[in-house]
Q: 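Pasting in a structure now, in structure tokens, and then I'll have a few things to ask.
Chain naming here is simple, since letters A, B, ... match the order of the sequence lines and numbering starts at 1 in each.
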2 protein chains.
Amino acid sequence: MNRTLPPSDSSEPGRARKRAASSVQEAIQQSRPFRSTGQEALIGLLLTADLVRRQLSAVVEPRGLTLQQYNVLRILRGANAHGLPTLEIAHRMIEQTPGITRLLDRLEEKKLVSRERCRVDRRQVLCHISTAGLELLAALDEPMNHADERLLSALSPAELTRLVRLLDHVRARTQANLDPSSPTRPT
Amino acid sequence: MNRTLPPSDSSEPGRARKRAASSVQEAIQQSRPFRSTGQEALIGLLLTADLVRRQLSAVVEPRGLTLQQYNVLRILRGANAHGLPTLEIAHRMIEQTPGITRLLDRLEEKKLVSRERCRVDRRQVLCHISTAGLELLAALDEPMNHADERLLSALSPAELTRLVRLLDHVRARTQANLDPSSPTRPT
DNA sequence: GGGCAATAGTTTATGTGTCAACTATTGTTT
DNA sequence: AAACAATAGTTGACACATAAACTATTGCCC
């Protein structure tokens, strides 16, 4: 993407737009090359993640689930028996607090999860996956695994490992940089 | 959601929640390991992209823009003078058609873009970025570049290139499997 | 043991994404 | 020229994300 600082900048016409460009450049049809590899990487990351999200959504959508709902069910399946308090689910997702409530509302409407006040700490609401939920997940395991494989079939095992490592690095660094002092302190 | 640990949690002694695992495993706190590296890669991809999106959103949000709105402005800045028809913008984003209309509606309300019927083909609506829009973008260039660098500062140039290449591969394969009428195909 | 802050969760409001159905214009066919 | 399909875009309905304000419960601590 073009990055030029002055206010009335940029956008000169007739810029050559066909060069042996990277896939990202082609995808967004920008008329200039990237300012940096980093920028290209970020855009590639977002494009790829969107593509993956779409593909995975398409797998669960026929069963009437969104990807987020599927995720909650997976979390609950993995957490079994005792159930999980609502916010614990939110923490394990990339979800904000208010979103998880309604997400669980819809799952409960579909009888895929059940909720109950915790007797020990009555502030908490414990969530469980129902038998129907488990069955639904079971039915989705196959196609989901298949989609996973298909999506990454372009990469060799070694490349996959490298990708995982690179992504881990990015997250590790960024999360370390995040403000550790939470601003949610009314004082 | 940020994985920032609660400061001195210690509410329960018996609650050891750390294990020496990959960053992804730690993040989602799944009790079992991944079935495959591919799955780990996908989840890592989604987590990382979400993180990046959040960080970049935080940069444009103080100016009252969403990341998508910012993107549209960038596209329009890059597309100069003649303006772009609505759907052309949508194609350059990962946006669906209806979304772009309302997105442009909001940008127009803020006087950041203008729209007009094309006289040649009256079905089309040509979109332009306004002077105010250009100024806003200019003001965001600096912090945006800074954020880009910060986000990927963990990776060396060589690693960045590798990441770009790996992501390109994933998209290339998947999109090839997807629909043969690729919308973003210049020459 | 009464006051008060932190915690767990929900509600509300707003912005947005997406699907389906719709309008308007153009191109094509006959 | 009338009919019809394709194109460009909008509108409506609904799910979702996020921030802010709210309720209920618990823990603290004096």
Q: Across the strands shown, which category fits R115(A) at heavy-atom distances under 4.0 angstrom: base, sugar-phosphate, nothing?
A: sugar-phosphate
Q: Does a side-chain N-to-carboxylate-O contact under 4.0 Å join D168(B) and R165(B)?
A: no
Q: Roughly, in whole Å, what's the span from CD in Q68(B) to P in dT14(C)?
A: 22 Å
Q: State whether R54(A) places a side-chain N or O below 4.0 Å from either non-bridging phosphate oxygen (OP1 or OP2) of dT18(C).
A: yes
Q: Write down the distance between CZ (R122(A)) and C1' (dG27(D)), rounded to a whole number of angstrom.
A: 16 Å
Q: Considering just the side-chain nitrogens and oxygens of T66(A), establish if one lies under 4.0 Å of OP1 or OP2 belonging to dA15(D).
A: no
Q: Would you say L87(A) ends up clustered with L84(A) if hydrophobic residues are merged whenever their side chains have heavy atoms under 4.5 Å apart, either directly or through other cluster members?
A: no
Q: Distance check needed: dT25(C) P versus R123(B) CZ, whole Å only.
A: 10 Å
Q: Tell me which residues in residues 100-111 of chain A lie within less than 4.0 Å of DNA chain D, going by non-hydrogen atoms.
A: R102(A), R106(A)
Q: If you assign P98(A) and Q124(A) each to the DNA chain C nucleotide with the nearest heavy atom, which residue ends up on the more 5' nucleotide?
A: Q124(A)
Q: Between D141(B) and R77(B), is the closest basic N to carboxylate O distance under 4.0 Å?
A: yes
Q: Whole-Å distance between dT26(C) P and L87(B) CG?
A: 15 Å
Q: Rounded to the nearest Å, what distance is computed from the CZ atom of residue R117(A) to the C1' atom of nucleotide dT7(C)?
A: 12 Å
Q: Runs of at least three consecutive Watson-Crick or G-U pairs, both distances under 3.5 Å, are what I'm after; which ones involve DNA chain D?
A: C:1-30 with D:1-30
Q: Does one side chain, of H128(A) or E116(A), offer a donor that lies under 3.5 Å from an acceptor on the other?
A: yes
Q: Answer yes when R53(A) and D50(B) have at least one side-chain N-carboxylate O distance shorter than 4.0 Å, and no when they do not.
A: yes
Q: For a quick check of understanding: with a heavy-atom distance under 4.0 Å over all strands, which category does E61(A) fall into, base, sugar-phosphate or nothing?
A: nothing
